[in-house]
Amino acid sequence: MDPKEIPFLSKEYAQELELTGDHANSLVNYEKGVVENPDNSPELQEHNEICQSGIARMAIKTGDLRRGVQLAKQLEGRVVKRDCAIILEQMKCYERGRDYDNQVRLLLDPLNEPDEAVRVVRESRSIEGAKLVAKFFVKLGDHNSAIQFLVMSQCVQEAFELAEKNNALKEYASAIEKHGNISQSLELAEYYNKLNDMYMAAKFYNQAGHYSTAMSLLFKNGDDEDCVALAVDCGIKSKDQGLTNSLIKFLLGEDGNPKDPAQLFRLYVGLGRTQDAAKTAVVVAQIHQAKGSYRVARDLLFRMHQQLREKMMRIPLDMNKSLMIIHSYMIVKTLIAKKETQLAARLLIRTCGEIQRFPAHIVPILTSAVVICTQANLKKSAHKFASQLMSQEYRPKIHEKYKKKIEDIVRKGGNQTDAPEGSSPCPICDEAMPDYAMSCDNCKSLIPYCILTGRHIVADDFSKCPHCEMPGYYSEFRKLSNQNENCYMCGGDLKEAIPENAKFYLDKMENEYK
Ligand SMILES: [Zn+2]
Ligand SMILES: [Zn+2]
């Protein structure tokens, strides 16, 4: 045989072996196929390209990724493109086969794609992969990342030493928080305890399940908001009645320092004690409301309302009513400014029905009610509120500007009538009910209110705020969005509001919230 023929025969043999899956022998034959010092004939160049790309492929297939990829990189033109495709194919094979270690190896070294390698390790939680990534970052001098991945690969001692040496204890702690086991958390808790860092010590006692140790540290730091919040997390996680009872006392101020009631609320929500959570919300909101801080009270109730919703908890009636009343009052001003006199008057009537909730502004609210009800042709109501203002307690406080007018209304007597309230179908039983009634006389259901008008919702004109998901009239959402105005409850943009199915919404409220 002509020795010159050997490389060509080897190439053909290699190709056959590749087809049969004998990658190791195929590699040997592709290697034999390469012609050293080829002349410049295109045929010979193509022959060598085929052999080299074969070597690259077989190197990858037999696990010598480094060589395979490097060879592939050296190749030119269309062959390179093909080989890149081969590498990607190989990556996919690893991915499909969940061979994360080789995938990470390929990404780190020949491909130099550390971000992608990090992603694979995070998603796969491959320990070997994490070790490889850690090594990569150590070499790079990126200690923080190295610490993360050392912990992930369970090389905790190494990670800790690296952290101490480089003043990166925070990184180490956050890695333990995410990936550490109980004994590692406990060890770290004790370390922080010795350093007198109560918060961090408690955090890791909590993580290790040593709740009462954690809490006793936190109880000594009632002035620190973060410690209080952590105590609540700890109480929720512990599910221990004795501990949560001491925690409630702590939050209520047994140490002479009552904590932010939002934390007590959060604890009750976390423990699934909806009624207690709602009671807390109502009491705290009422304290703000009594001082005349209506927006604070409304926002607080709304936030707590949303927290309960998020946990799929049903809103207790009391809390729902508190939010409805304060919200109704809050939107009156806006409605007056928009000359929506009827709406404003109806909501003032609602507010005055609960006037004891607004002790700081009884006289001004009753006064507005008289004025707006008169404008809205609700003369009977105007007379009623005017008469209330004639009491010894309120009369001296009426603004001079309105005194005479109010006295005139009272003098005219109470034989007047209100323009009748409109009616609209109950969204549950379809029987007509007054627009501003919140419960249906026919089916006895409680009906949600529209957050833009205060009326009960109706089935054929229904939508929800795209952000806070509070219900209302679709047409009103549209109107507001066309005026570039935002949700009256959460302040969110209303452009995405679409007509929705009220019955579906009501069913969901009824069945999914416990
Ligand atoms: Zn009904
Ligand atoms: Zn909203």
Side-chain angles (χ1 to χ4, degrees), residues 281 285 294-315 317 319-335 337-338 340 343 347 350 421-511 513:
Y294 303 127
R295 183 166 293 280
V296 176
R298 200 277 312 261
D299 289 352
L300 186 139
L301 280 169
F302 172 58
R303 265 201 316 277
M304 294 184 171
H305 176 280
Q306 296 302 85
Q307 281 185 45
L308 289 177
R309 277 280 157 85
E310 226 171 78
K311 293 264 153 77
M312 302 303 281
M313 290 158 105
R314 207 178 278 237
I315 314 296
L317 289 184
M319 182 172 170
N320 197 41
K321 185 172 177 190
S322 294
L323 179 56
M324 179 190 69
I325 302 286
I326 181 81
H327 181 69
S328 297
Y329 176 62
M330 296 278 301
I331 62 177
V332 163
K333 243 188 211 155
T334 313
L335 293 171
K338 288 173 177 266
E340 297 270 13
L343 281 177
L347 295 188
R350 178 180 288 166
E421 180 175 344
S423 67
S424 39
C426 163
I428 293 171
C429 71
D430 297 323
E431 200 64 27
M433 62 182 276
D435 285 341
Y436 296 86
M438 292 293 116
S439 64
C440 169
D441 279 345
N442 183 49
C443 69
K444 310 293 176 207
S445 309
L446 288 171
I447 313 297
Y449 59 96
C450 161
I451 55 167
L452 305 181
T453 63
R455 289 190 296 226
H456 69 77
I457 58 164
V458 292
D460 63 0
D461 185 7
F462 179 75
S463 185
K464 286 182 309 202
C465 167
H467 305 279
C468 66
E469 302 202 332
M470 295 290 267
Y473 279 65
Y474 171 65
S475 53
E476 296 289 337
F477 279 114
R478 271 309 287 272
K479 212 196 293 176
L480 236 56
S481 131
N482 287 340
Q483 295 163 351
N484 282 321
E485 288 194 49
N486 293 340
C487 173
Y488 287 167
M489 191 63 95
C490 73
D493 188 302
L494 295 173
K495 295 223 159 41
E496 316 264 294
I498 47 165
E500 301 210 28
N501 186 327
K503 304 234 185 228
F504 183 75
Y505 171 83
L506 291 164
D507 276 352
K508 195 174 157 188
M509 288 294 136
E510 183 62 28
N511 299 320
Y513 289 81

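Note that the numbering runs from 1 along the sequence shown for the chain. Indexing begins at 1, ligand by ligand and atom by atom, following the structure's order.
Enclosure of atom NZ in K333 is not indicated, since only 12 or fewer non-hydrogen atoms of other residues, nucleotides or ligands lie within 6.0 angstrom. Heavy-atom contacts from other residues, nucleotides or ligands closer than 6.0 Å to CD of E500 number more than 12.
Ion pairing between a basic and an acidic side chain is recognised when a charged N comes within 4.0 Å of a carboxylate O; K508 and E469 show no such pairing. Under a 4.0 Å N-O distance rule, the pair R478/D461 does not qualify as a salt bridge.
What you find for L308 and I315 is that their closest heavy atoms are CB-CD1, 3.8 Å.
Ordered by chain and number, C465 SG, C468 SG, C487 SG, C490 SG make up the set of protein N, O or S atoms under 2.8 Å of the Zn ion (ligand 2). The set of protein atoms (N, O or S) found at less than 2.8 Å from the Zn ion (ligand 1) reads C426 SG, C429 SG, C440 SG, C443 SG, by chain and number.
Of the possible polar contacts, none joining the H327 side chain to the R298 backbone as a donor-acceptor pair under 3.5 Å is found.
The aromatic rings of Y294 and Y329 lie perpendicular to each other, with more than 60° between the two planes, well past the 30° mark.
Cation-pi contact between R455 and Y473: present, with separation from the ring centre below 6.0 Å and deviation from the ring axis of at most 45°.
Contact annotation: the side chain of L301 never approaches that of R303 to less than 4.5 Å [non-hydrogen atoms, C-beta and beyond].
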